[in-house]
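The structure appears right after this line, and notes come after that.
Just so it is clear, the values below take in all heavy atoms, side chains as well, and ignore hydrogens, waters and symmetry mates. Note that the structure is predicted; figures quoted are calculated from it, not measured. We name chains A, B, ... by the order of the sequence lines, and we start the count at 1 in each one.
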Amino acid sequence: MDKTLDLKYTYTEKKDTRSGFGDGLLEAGRRNPNVVGLCADLIGSLKMGAFQKEFPERFFQVGIAEANMIGLAAGMTIGGKIPFTGTFANFSTGRVYDQIRQSVAYSDKNVKICASHAGLTLGEDGATHQILEDVGMMKMLPHMTVINPCDYNQTKAATMAIAEFEGPVYLRFGRPSWPIFTPADQKFEIGKAWHMIEGTDVTIFATGHLVWEAVVAEAMLREEGISAEVINIHTIKPLDEAAILASVKKTGCAVSAEEHQLNGGLGDSIAQTLIRNNPAPLEYVGVNDSFGESGTPTELMEKYGLNAENIVKAAKKAIARK
Amino acid sequence: MEKQPLAQLTKISSQVRRDILRMVHAVQSGHPGASLGCTEFFVALYFNQMKHDSNFNMNGSNEDLFFLSNGHISPVWYSVLARSGYFSADELKTFRKLNSRLQGHPATEENLPGIRIASGSLGQGLSAAIGAAQVKKINQDDRLVYVLMGDGEQQEGQVWEACMYAAHHKVDNLIATIDFNRQQIDGPTKDVMDLKDLKVKWEAFGWEVIETLKGNDMEAVLEGLEKAKSLTGKGKPVLNLLHTEMGYGVDFMVGTHKWHGIAPSDEQLENALGQLEETLGDY
């Protein structure tokens with residue numbers, strides 16, 4: 001399908017976003033001697049091995065003890081370090097919510113909580129590991145910045161950007177091999193939405209892996225004579241409300257697309273923004289109050305409706321409600 | 001701050017106890033029991049043992065650092081911080097009141113000098129202290145990190161995650177202390193959740209463990225802290241099992257969990273203050 005569509009962004013290579021994190025961390029470590037890494041027995045999965053090898057004195061194996069890892073990281077900021085913690089998204093958030101809340105967010109510590117295997121696309125491991133609530137939990141915390149980049153290049157750029165940013169950050173990425181469709185030399189601006197495709201009939205606000213699906217959906221809609229605007233919301237908090245409102249003012253309706261529960265996700269944040277400023281039809285693409293299950297990433301995205309076809313349907317529905 | 005001699009430390013302790021009782025009484029809330037029980041320990045640390053700068057800097061480079069994990073005993077910490085110059089003792093009267101920097105449990109949100117991380121939800125302070133201690137090593141800063149935990153707090157799983165980690169990573173610039181008063185909110189620890197032999201447990205995890213049997217005797221507290229210090233730098237983290245009595249210093253409060261988290265009445269305050277000399281002037 002991708003091949004026959006006239007896509008505004010294309011790719012020649014696929015790679016996992018977690019590798020973008022691993023490579024970004026290595027680069028951040030080279031640029032700033034205060035960057036330190038911590039991992040809870042998932043160095044390979046988090047792609048932290050290169051950092052560990054190059055900076056063994058700045059890397060800490062924590063074992064399977066995520067609560068301790070968050071506390072250690074908070075303590076390491078005292079003395080000027082910039083700790084990056086690494087484990088799966090489930091163990092980075094739900095398992096350690098109180099530790100993050102008290103020792104990191106409330107204490108406003110410069111900890112970067114880096115979470116791989118987020119969402120359904122972790123695949124066969126099933127629902128115990130497929131967290132779909134993490135963005136909601138993290139965005140509720142005062143002081144916390146929440147970022148969900150869309151591909152390898154954006155994840156690498158985001159990882160380097162958060163090292164330069166002062167304050168707690170939740171960085172969410174994933175396991176599957178995914179198209180690399182954003183430029184390697186992009187400047188990552190925290191909190192600044194990226195207008196990827198201009199359009200007039202509907203705005204698609206997408207985050208994480210769903211940005212690629214939104215790019216595909218735009219081409220599918222264009223074939224049917226519908227002009228869709230695609231905006232990459234890599235930073236869910238703080239939300240670029242000005243960009244959202246300006247776009248919806250032009251298009252009059254919107255779709256949100258994310259690999260997350262509808263409750264508490266990006267769509268909720270956009271709905272709040274619209275309802276307070278410019279009520280307009282908004283359709284959601286996300287997981288509707290259910291857990292995931294085992295399967296391949298593609299099968300799961302299809303079964304739970306997290307793909308371009310469903311974004312197209314949602315866009316048409318939003319337009320019809322105008 | 002210069003090292004204060006024993007006689008002066010005892011005097012300061014009396015004033016700190018008055019501060020604790022008056023703070024808690026004023027808002028009719030807070031935790032006097034273990035605050036009173038840990039008074040000698042706090043006074044010994046801040047007025048004799050630690051090298052620290054009351055001109056507060058969050059990073060605390062080239063200073064000894066202290067973390068309070070059992071944040072509910074904030075009254076004793078606030079009093080000691082104020083009396084050692086971090087902020088005016090007059091500010092103690094704002095404890096637990098609206099718009100105060102002296103929150104019910106210690107916090108950094110209001111930028112109170114002396115506090116480096118929030119605590120209150122139990123089990124988290126040891127992890128933070130270990131992180132800070134490891135950074136001192138990276139930064140080639142040879143000062144020590146101290147942390148205090150409650151004994152009931154030993155029921156939290158995170159404590160044991162951190163305990164295992166510190167031994168594995170040979171964090172030997174760290175002195176952890178457990179306020180071993182054998183009481184928690186619902187009653188004696190042996191009834192609520194028996195801690196069994198903490199010394200054996202911590203040793204089995206790879207720590208050097210010392211016991212301070214008279215945790216309300218200033219001389220014994222100093223001796224214990226000196227001994228703990230002498231054991232640092234030898235490849236193992238150090239635990240100081242500090243035997244204290246909850247409510248020490250006030251005859252009707254001593255030795256019971258009943259004063260864990262309740263405030264004295266007007267008459268009880270008067271009675272208690274009558275037992276404690278005003279040595280540095282009430283705020």
Point to revise | Neighbour count >12 (heavy atoms, 6.0 Å) for atom CZ, A:Arg95 | key: no
Study note, to complete from the structure: Looking only at A:Gln61, A:Glu57, A:Met69, most heavy-atom pairs under 4.5 Å shared with chain B are made by A:Gln61
Exercise for review: Can you establish whether the number of heavy atoms outside B:Lys97 located under 6.0 Å from its atom NZ is more than 12?
Suggested key: yes
**Study point:** Least distance between heavy atoms, A:Tyr106 atom then B:Thr108 atom
**Key:** O-OG1, 3.7 Å
Exercise for review: Can you establish whether the number of heavy atoms outside B:Lys196 located under 6.0 Å from its atom NZ is more than 12?
Suggested key: no
Revision key, fill the gap. So CG of A:Asn68 and CD of B:Gln124: to nearest 0.5 Å the spacing works out to 10.5 Å
Study note, to complete from the structure: Taken to the nearest 0.5 Å, the spacing of A:Asn34 CG from B:Asn139 CG works out to 7.5 Å
Review point. In terms of heavy-atom contacts, does NZ of A:Lys192 have more than 12 from other residues, nucleotides or ligands at under 6.0 Å?
Key: no
Point to revise | For A:Gln102 against B:Ser119, the heavy-atom pair lying closest together | key: NE2-CA, 3.4 Å
Exercise for review: Against chain A, label B:Leu65 side chain, backbone, both or neither, depending on which of its atoms sit under 4.5 Å from a heavy atom there.
Suggested key: side chain
Review point. Ignoring hydrogens and geometry, is there a side-chain-to-backbone donor-acceptor pair from A:Asp98 to B:Ser121 under 3.5 Å?
Key: no
Practice item. Under 4.5 Å, heavy atom to heavy atom: which of residues 127-135 of chain B reach chain A? Give them by number, or say none. Key: B:Ser127, B:Ala128, B:Ile130, B:Gly131, B:Ala132, B:Gln134, B:Val135
Exercise for review: Flag yes if more than 12 heavy atoms outside B:Met164 fall under 6.0 Å of its CE atom; otherwise flag no.
Suggested key: no
Point to revise | Any donor-acceptor pair under 3.5 Å from B:His168 side chain to A:Val62 backbone | key: no
Practice item. Search all heavy atoms of A:Ser103 against all heavy atoms of B:Ile117 and return the closest pair with its distance. Key: O-CD1, 3.6 Å
Exercise for review: Could you tell me which non-hydrogen atom of A:Lys109 sits nearest to which non-hydrogen atom of B:Arg116, and how far apart they are?
Suggested key: NZ-O, 2.6 Å
Point to revise | Flag if over 12 foreign heavy atoms under 6.0 Å of CZ, B:Arg83 | key: yes
